[in-house]
Amino acid sequence: MFGHDNRELAAVFIGGAIGTVARAALAVFAVPHPEHWPWPTFVVNIVGAFLLGYFTTRLLERLPVSSYQRPLLGTGVCGGLTTFSTMQVETVRMLEHGAYGLAAGYTVASIVAGLAAVYLATVLVRRVRVRA
């Protein structure tokens with residue numbers, strides 16, 4: 001029915017493993033309390049958003065087309081590194097502990113900072129001159 005490119009799947013798998021291991025290592029060393037700002041998740045999500053903006057813009061606009069770089073770096077590494085589900089669990093835990101302002105601030109800051117990171121990365125890639 002649908003053809004699969006096993007090399008593309010392997011690129012996503014390898015990239016996802018790299019990103020997931022990096023995030024898991026950070027989560028083991030820095031478990032936040034539900035009434036405090038969850039810096040580990042916040043930082044990896046913003047860094048992941050920046051990297052996704054960088055990789056996407058650079059790979060689409062600055063480098064020759066490759067079938068495996070975007071799946072490896074964008075879908076794999078950035079997908080494994082970032083964690084929307086953990087952000088949601090942390091937000092629910094904040095709400096359960098009555099930290100309503102913290103939960104709202106964390107949600108808004110995560111969305112705004114993530115969008116700003118993607119925008120900044122895109123602008124930075126586009127400012128670099130392409131050599132002829």
Side-chain angles (χ1 to χ4, degrees):
M1 183 178 193
F2 293 103
H4 288 65
D5 182 343
N6 289 332
R7 292 172 294 185
E8 186 174 350
L9 292 173
V12 171
F13 178 80
I14 292 166
I18 292 167
T20 301
V21 167
R23 178 178 38 87
L26 185 60
V28 166
F29 294 111
V31 178
H33 186 277
E35 295 176 8
H36 296 111
W37 192 270
W39 285 107
T41 304
F42 183 78
V43 169
V44 297
N45 284 342
I46 304 313
V47 168
F50 180 88
L51 291 173
L52 186 59
Y54 175 84
F55 292 145
T56 301
T57 307
R58 182 142 172 86
L59 294 174
L60 289 176
E61 297 179 10
R62 299 288 191 233
L63 296 176
V65 175
S66 165
S67 298
Y68 309 110
Q69 290 175 337
R70 283 181 44 212
L72 173 73
L73 299 171
T75 305
V77 172
C78 292
L81 178 65
T82 59
T83 175
F84 185 73
S85 58
T86 301
M87 183 192 117
Q88 296 306 304
V89 169
E90 291 169 345
T91 302
V92 168
R93 289 187 68 214
M94 290 175 199
L95 294 171
E96 289 172 345
H97 283 82
Y100 304 113
L102 183 64
Y106 177 52
T107 301
V108 170
S110 294
I111 293 167
V112 170
L115 291 171
V118 169
Y119 178 77
L120 176 63
T122 300
V123 167
L124 290 174
V125 169
R126 288 179 178 161
R127 290 184 91 185
V128 174
R129 292 183 186 207
V130 179
R131 294 181 185 175

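Quick caveat: nothing in here was measured; it's all calculated off a predicted structure. Throughout, numbering of the chain's residues begins at 1 and tracks the sequence.
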A.B. asks: Same hydrophobic cluster for L51 and V118, using side-chain heavy-atom links shorter than 4.5 Å among ILVMFWY?
C.D. replies: no

A.B. asks: Hey, could you give me each pair passing ring pair (Phe, Tyr, Trp, His ring centres under 6.0 Å) that has a residue in residues 34-53? Not counting sequence neighbours.
C.D. replies: H33-H36, W37-W39, W37-F42, W37-Y106, W39-F42

A.B. asks: For A49 and G114, work out which heavy atoms get closest and say how close.
C.D. replies: CB-O, 3.5 Å

A.B. asks: To the nearest 0.5 Å, how far apart are CG in L81 and CG in N45?
C.D. replies: 7.5 Å

A.B. asks: Say whether L59 and V12 are linked into one hydrophobic cluster, either directly or through other cluster members, by side-chain heavy-atom distances under 4.5 angstrom.
C.D. replies: no

A.B. asks: In the hydrophobic clustering (ILVMFWY, side-chain contacts below 4.5 Å, transitive), which residues join V112, or is it alone?
C.D. replies: V108

A.B. asks: Within this structure, what is the OG1-CG distance for the pair T56 and L73, rounded to the nearest 0.5 Å?
C.D. replies: 9.5 Å

A.B. asks: Applying side-chain contact (heavy atoms from CB on, under 4.5 Å), name anything that partners V89, two or more places apart in sequence or on another chain.
C.D. replies: R93

A.B. asks: Give the other cluster members for I111, using side-chain heavy-atom distances under 4.5 Å between Ile, Leu, Val, Met, Phe, Trp and Tyr residues; answer none if it is isolated.
C.D. replies: L115

A.B. asks: Would you mind listing the cluster partners of V123? Hydrophobic ones only (ILVMFWY), side-chain contacts under 4.5 Å, chaining allowed.
C.D. replies: Y119

A.B. asks: Group every Ile, Leu, Val, Met, Phe, Trp and Tyr by side-chain heavy-atom contacts under 4.5 Å, then state whether V44 and L52 land in the same group.
C.D. replies: no

A.B. asks: Which heavy atom of P38 sits nearest to which heavy atom of E90, and what is that distance?
C.D. replies: CB-OE1, 3.3 Å

A.B. asks: Can you give me the closest heavy-atom contact between G53 and T122, atom names plus distance?
C.D. replies: O-OG1, 3.9 Å

A.B. asks: What pair of heavy atoms forms the shortest contact from T86 to T41, and how long is it?
C.D. replies: CG2-OG1, 3.5 Å

A.B. asks: Taking all non-hydrogen atoms of both residues, which atom of A117 and which atom of I46 are closest, and how far apart?
C.D. replies: CB-O, 3.7 Å

A.B. asks: Applying side-chain contact (heavy atoms from CB on, under 4.5 Å), can you list everything that pairs with F84, at least two apart in sequence or on another chain?
C.D. replies: M87, Q88

